[in-house]
Every structure is written in structure tokens, then in C-alpha cells.
*Asks:* 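Starting off with a structure, shown below.
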Amino acid sequence: MANPTYAAIDVGTTKVCTVVGEVTPAQELRILGVGIGPSAGLAKGMVDNIQAAIEAIASSVERAERASGTRILSAHVGIAGPHVSSMNSRGIVAIADPRNAIIDGDVQRALESARIVNVPTNREVIHVVPRYYVVDGQDDVVDPVGMFGSRLDVETHVVTASTSAMNNLVQCVEGAGVRVDGLILEPLASAEAVVEVEELEQGAVLCDIGGGTTDIAVFDRGAVVHTAVLPIGGLHMTRDLVVALRVPQPSAELVKREHGHTIPSMVDEDDEVDVDAFGAEGHRTVPRRLMAEVLQARSEELFELVLAEVRRAVQPEVLSAGVILTGGASSLEGIDLLSEDVLQLPARVGRPRHLAGLSDILHDPAYATSVGLLRWALKEREIMFRSSPRPVAPIGGLLRKVAHLMRVVLPQ
Ligand SMILES: Nc1ncnc2c1ncn2[C@@H]1O[C@H](COP(=O)(O)OP(=O)(O)OP(=O)(O)O)[C@@H](O)[C@H]1O
Ligand SMILES: [Mg+2]
């Protein structure tokens, strides 16, 4: 029998990336094909031109189909944008007969009750991620199934999104001929690809700096405690260079990628680079240090905002494992050092790993979301996400702690 095959689509602000993978009998994720193309019709992570977005998605899907020799009928799709918000919610249920051990059904009921949060009519819940359980007042229970008690509480992280933004995204993917199996919050997907279990346990913040958004997920003691999407990314850095250097956008983008730095003192004072410019001259030389100053200012501002988001959930000092940077803009030189400076936490750049098959191109931080979406898809393979009236999407195989939770949602 053929290995089960899954697809995921990351509809980013700058690129669309479709990945097809299969799970081998040894439970290894093998990449069968990747389709990457420029994005269109998106701003700040949200669709703002349906037709352009459909075409961009269709072209990426087609490339992935050709590369993998498969036909993509459905896929998991990432969602981001400033419309996404999150909160922590507690679900409480009584156990009918405390002489019987707690069963999966009780856990499911507790999760359902946590899902009942005050959501305005124009928003929908997209994730209810269990954090820990409380059985008759006993805190921090990892798996309550099999325990005895008369009351079961679950602490969860609930993510909601604007219904219209979700519908627009689904319409675009379906317009490209692909059914949407599930929408997954992008920072949770990225974390799935690049954050290690030990980092989650010790406390960490995932920071995916893309083109139009910076996606954040904060983890403490193995569980997600906060998620947020900031409407700032690499495109803003490029725009700052356009203004400061007075050069066209494509040449600012190129020079940023090739010669950008975020720590001016690490750039030689006399270092200059040649760039295409406006006007009759056609090109000019610009000091690399000036570029670094511009990129430093924007990145510092960004990390201040990240810090403010982290503080909404925890004291940053408790995040011993520090910051894991990913997304295209995390390739900017010095950005890990700058984030260490602003957040006062250790930082590293995270690239997707543990991939087999045609995966070379995916070992880049820009593809953390795509790979994470695929990992999520295969963890969720037995859930009929769309057909369930109240889907409960667990955070995939990220956490040892959460491994048991899969049983909550996957039929045994
Ligand atoms: N080497 C590099 N140095 C600096 N910036 C880079 C480099 N490579 C890529 N980038 C920037 O990364 C950004 C794109 O990142 P990414 O592919 O993660 O975004 P996206 O997923 O399309 O967008 P979003 O997640 O915001 O919707 C661009 O702004 C690009 O300029
Ligand atoms: Mg992205």
C-alpha cells in the first residue's frame, strides 16, 4: 500500500509555498515535492485581492504537483494577520461517577467547555490548545485519563480569527482547486518545525519574521501561553532602505539580502556597496554602515513590540531557552544578536530539520511555516477537521506532554 501523503500551503505575504510529503513506515517525513512562487493579493498576511491570490496559490500548487507527481486535492493552510487574537480559557466538567476513572470523553467535554468563550459574531475559534489539567484541585496534570476525581478542569489557549479573513483565505485556496482540511495559526506551525521539545519545556518564544507579519508564540513549561501576529516584517525593512537610500524597491531588497546587517558597529566604516538607483546616474554607492543603522532601527522597534507581547503572558526571564527566530527576515545578519540585546534572552535562528527526500530548499528559515503545517497535517490525519461541527485542534507532536493529547482527538 502507498504511504499516506499530505499537503500544506503557506500563503505568505511575499511567497506561496506548497509542500507535499509522505510518512514512511518508519514514521519519517519524506518530502515528495515543493512548489514555491511569488505571492500576490496579500497584505500583512491577509488576502486583499482574491483573484490575484488564487492565481498565485494555483501556480504554487501546480509546481508542487509537478515536482511530486501527485494531484493535490486538499491541504492544511496557514493563517496569520493582525486579526488573529488569543486568550487563555479554563474548561470545567463534573465527572458523572467519581468511582469510574476519567475517560477520553470527559477530556473532550472539558475542552469543549473551554471553547465556549465570548467570541463576537464576526470571529471564530480556530484552535483550542490544551495546556494542562486539574483533577479535583490537583494542578499540572499532564494526562487525566485513567485518574479518579469528581471534577476535571482544563487550562487551554484559545485562538480566534476574523470570520471574513478566514473565509477569504479559504475561498482563495478553494478557488485554486484545493479543499482546505484545516486552518492552522502560522506561529504554531512554525514552532512545530523549528522548536525543540527541551526549549518548550524550559520556556521559549518563537518569532517568525516574514515579509508582512511577525508571528509570535510563547511557550512556558511545555505549553503555549500566548500567540500574536504583528503587522511588521521584512517588507518594512526594505521600504525603510528605499526611503533612506533613495533607491528602487527591487534594488533595496537585493542589497538588503546581500549586504544587510543589523549591528552597525560590526560593519566596517569604509565598507560601501554599489546599488541601482533612481535618476540619470543609474547607480550609486552607499555606505553599508548607514544601511545597518536603518535596519537596526526597524529591527529594534520590532523586538520591542515582541518584548511587549511576551510580557503580556510571562516575565521574559522565565524563558530560559530564549528566542528562536525564523521566517525569511531572520536570515538578516546580526538579527539574533540584536534580539538578544533587546529581549535579554539567548537567541538562535531556527531552520526546519529532520526531513528526508527532496527537502534541500526547505532547510531555510523562510520555510518553517510550510514544514510545520505539513507536520501538523500528518499529526491530525485522522481528524475530519471540516466535518466536525466543533473541531478541537491540538498542537501537534511538539511536546512530549502533548503526545497523549493526540489520543483525545484521534480515534484509538
Ligand atoms: N538574506 C536575507 N536577508 C534579509 N532579509 C531577507 C533575506 N532573505 C529573505 N529576507 C526577507 O524575508 C522576507 C520574506 O520572509 P518569508 O518568506 O518568511 O515571508 P512570508 O511568509 O512570505 O510573509 P508573511 O509570513 O509575513 O506573510 C522578505 O521581506 C525578504 O526580504
Ligand atoms: Mg510566513
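When a ligand or atom number is given, it counts from 1 through the structure's own listing order. The first residue of the sequence shown is numbered 1, and numbering continues consecutively from there.
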*Asks:* Please state which option from Val16, Asp208, Thr13 has its nearest heavy atom closest to atom 24 (P) of ligand 1.
*Replies:*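 Selected option, by shortest heavy-atom distance: Thr13.
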*Asks:* How close does the nearest protein non-hydrogen atom get to atom 1 (N) of ligand 1, and which residue and atom is it?
*Replies:*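 The closest one turns out to be Ser331 CB, 3.5 Å.
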*Asks:* Return the closest protein heavy atom for atom 17 (O) of ligand 1 as residue, atom name and distance.
*Replies:*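 Here the closest protein heavy atom is Lys15 NZ, 2.8 Å.
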*Asks:* Using 4.0 Å as the upper bound for N to carboxylate O, is an ion pair formed by Glu293 and Arg289?
*Replies:*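 So Arg289 does not pair with Glu293 through a salt bridge.
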*Asks:* At a 4.0 Å cut-off, with the gap strictly under it, does some heavy atom of Gly260 reach an atom of ligand 1?
*Replies:*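 Contact absent.
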*Asks:* Before you tell me yes or no, could you show the steps for Val286 and Val273 under side chain to side chain contact (heavy atoms under 4.5 Å, CB included), namely the whole-Å CA-CA distance, both residues' side-chain angles and the distance that decides it to 0.1 Å?
*Replies:* CA-CA 5 Å; Val286 295; Val273 286; 3.7 Å; yes
*Asks:* Can you tell me the protein heavy atom closest to atom 25 (O) of ligand 1 and the distance?
*Replies:*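 For atom 25 (O) of ligand 1, the nearest protein heavy atom comes out as Thr213 OG1, 3.7 Å.
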*Asks:* Could you measure the distance from the OH atom of Tyr367 to the CD1 atom of Ile36? Nearest 0.5 Å is fine.
*Replies:*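 Spacing of OH (Tyr367) from CD1 (Ile36) equals 3.5 Å.
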*Asks:* Please state which protein non-hydrogen atom is closest to atom 4 (C) of ligand 1 and give its distance, to 0.1 Å?
*Replies:*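 Answer for atom 4 (C) of ligand 1: Leu332 CD1, 3.5 Å.
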*Asks:* Check the orientation of His157 and His226. Use parallel for under 30°, tilted for 30 to 60°, and perpendicular for over 60°.
*Replies:*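 Ring orientation of His157 relative to His226: perpendicular.
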*Asks:* Closest non-hydrogen protein atom to atom 22 (O) of ligand 1, residue and atom name please, with distance?
*Replies:*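 Closest protein heavy atom to atom 22 (O) of ligand 1: Thr14 OG1, 2.6 Å.
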*Asks:* To the nearest 0.5 Å, tell me how far Met46 CE sits from Thr13 OG1.
*Replies:*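 Output value for this atom pair is 9.0 Å.
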*Asks:* Heavy atom to atom 9 (C) of ligand 1, shortest distance: which of Gly210, Ala80, Gly328, Ala366 holds it?
*Replies:*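 Checking each option, the heavy atom nearest atom 9 (C) of ligand 1 is found in Gly328.
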*Asks:* Nearest to atom 19 (O) of ligand 1, what protein heavy atom do you find, and at what distance?
*Replies:*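 Of the protein heavy atoms, Gly211 N, 3.0 Å lies nearest.
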*Asks:* For the pair Leu325 and Ser339, evaluate side chain to side chain contact (heavy atoms under 4.5 Å, CB included) and give the outcome as yes or no after the intermediate values.
*Replies:* CA-CA 9 Å; Leu325 298 170; Ser339 91; 4.0 Å; yes
*Asks:* Around atom 30 (C) of ligand 1, find the nearest protein heavy atom and jot down its residue, atom name and distance.
*Replies:*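 The protein heavy atom lying closest is Glu253 OE2, 3.2 Å.
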*Asks:* Among side-chain atoms of Asp208 and Thr369, is any donor-acceptor pair under 3.5 angstrom?
*Replies:*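 Note: Asp208 and Thr369 side chains meet the donor-acceptor criterion.
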*Asks:* Leu295 vs Asp240, test: side chain to side chain contact (heavy atoms under 4.5 Å, CB included). Steps then yes/no.
*Replies:* CA-CA 8 Å; Leu295 294 169; Asp240 291 347; over 6 Å; no
*Asks:* State whether the shortest distance between N or O atoms of Lys256 and N or O atoms of ligand 1 falls below 3.5 angstrom.
*Replies:*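 Indeed, backbone or side chain, Lys256 has an N or O that close.
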*Asks:* Side chain, backbone, both or neither: which applies to Met237 and ligand 1 if a contact is any heavy-atom pair less than 4.0 Å apart?
*Replies:*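 Answer for Met237: neither.
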*Asks:* Salt bridge between Arg312 and Glu309, side-chain N to carboxylate O under 4.0 Å?
*Replies:*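 The answer is yes: the pair qualifies as a salt bridge.
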*Asks:* Give the numbers and elements of all ligand 1 atoms closer than 4.0 Å to a heavy atom of Gly327.
*Replies:*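 Reading through ligand 1 atom by atom, the close ones are 18 (O).
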*Asks:* Does at least one non-hydrogen atom of Gly212 fall below 4.0 angstrom from an atom of ligand 1?
*Replies:*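 The answer is yes, since Gly212 has a heavy atom less than 4.0 Å from ligand 1.
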*Asks:* Using a strict cut-off of 4.0 Å, indicate which atoms of ligand 1 neighbour a heavy atom of Leu235.
*Replies:*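 Every atom of ligand 1 under 4.0 Å from some heavy atom of Leu235: 29 (O).
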*Asks:* What I want to check is whether the side chains of Ser85 and Thr160 have a donor and an acceptor closer together than 3.5 Å.
*Replies:*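 Yes, side-chain donor-acceptor contact under 3.5 Å.
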*Asks:* Can you figure out which of Ser330, Gly234, Ala329 has its heavy atom closest to atom 12 (O) of ligand 1?
*Replies:*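 Heavy atom nearest to atom 12 (O) of ligand 1 belongs to Ala329.
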